[in-house]
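These notes concern the structure reproduced below.
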Amino acid sequence: MENMFVLVLLGVLALVVIVCVCVVWTERGGPRWVRVVASVTLAAGELLRQSGRSRRGSVSRTGGDGD
C-alpha cells in the first residue's frame, strides 16, 4: 500500500515538473503542443484563483487586524 502511495506521489510530482517546464518553454517560443499545455495550465490556475476569491468573498471576516 505504501509503495502505491509513493508511486502516485512521484507521478503527480513528475506531472507538475513537466507542466512547469512547458510553461517556461512557451515563454522561449516552444512548439505548438507546448503552448497548448501551457495555455491549459495557466487557464486552470486562473480558474482556481477565481474560485478561491469567490469562496473567500463569501466568508465574513471578523479579524481585529484593521483590514
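Sorted by first and then second residue, the salt bridge (Lys or Arg N to Asp or Glu O under 4.0 Å) pairs with a member in residues 30-47 read Glu46-Arg49; sequence neighbours excluded. For residues 16-29, no residue pair satisfies the salt bridge (Lys or Arg N to Asp or Glu O under 4.0 Å) rule, not counting sequence neighbours. Applying the ring-ring contact (aromatic ring centres under 6.0 Å, His included) test to pairs two or more places apart or on separate chains, those with a residue in residues 26-50 are Trp25-Trp33.
Taking a 4.5 Å side-chain heavy-atom cut-off between Ile, Leu, Val, Met, Phe, Trp and Tyr, the cluster of Leu47 contains only that residue. With a 4.5 Å cut-off between side-chain heavy atoms of Ile, Leu, Val, Met, Phe, Trp and Tyr, the cluster of Val6 takes in Leu10.
The shortest non-hydrogen separation linking Cys22 to Val34 is O-CG1, 3.2 Å.
Residues Val24 and Cys20 form no side-chain contact, since every pair of their non-hydrogen atoms from C-beta on lies 4.5 Å or further apart.
Residues passing the side chain to side chain donor-acceptor pair (under 3.5 Å) test with Glu2, sequence neighbours excluded: none.
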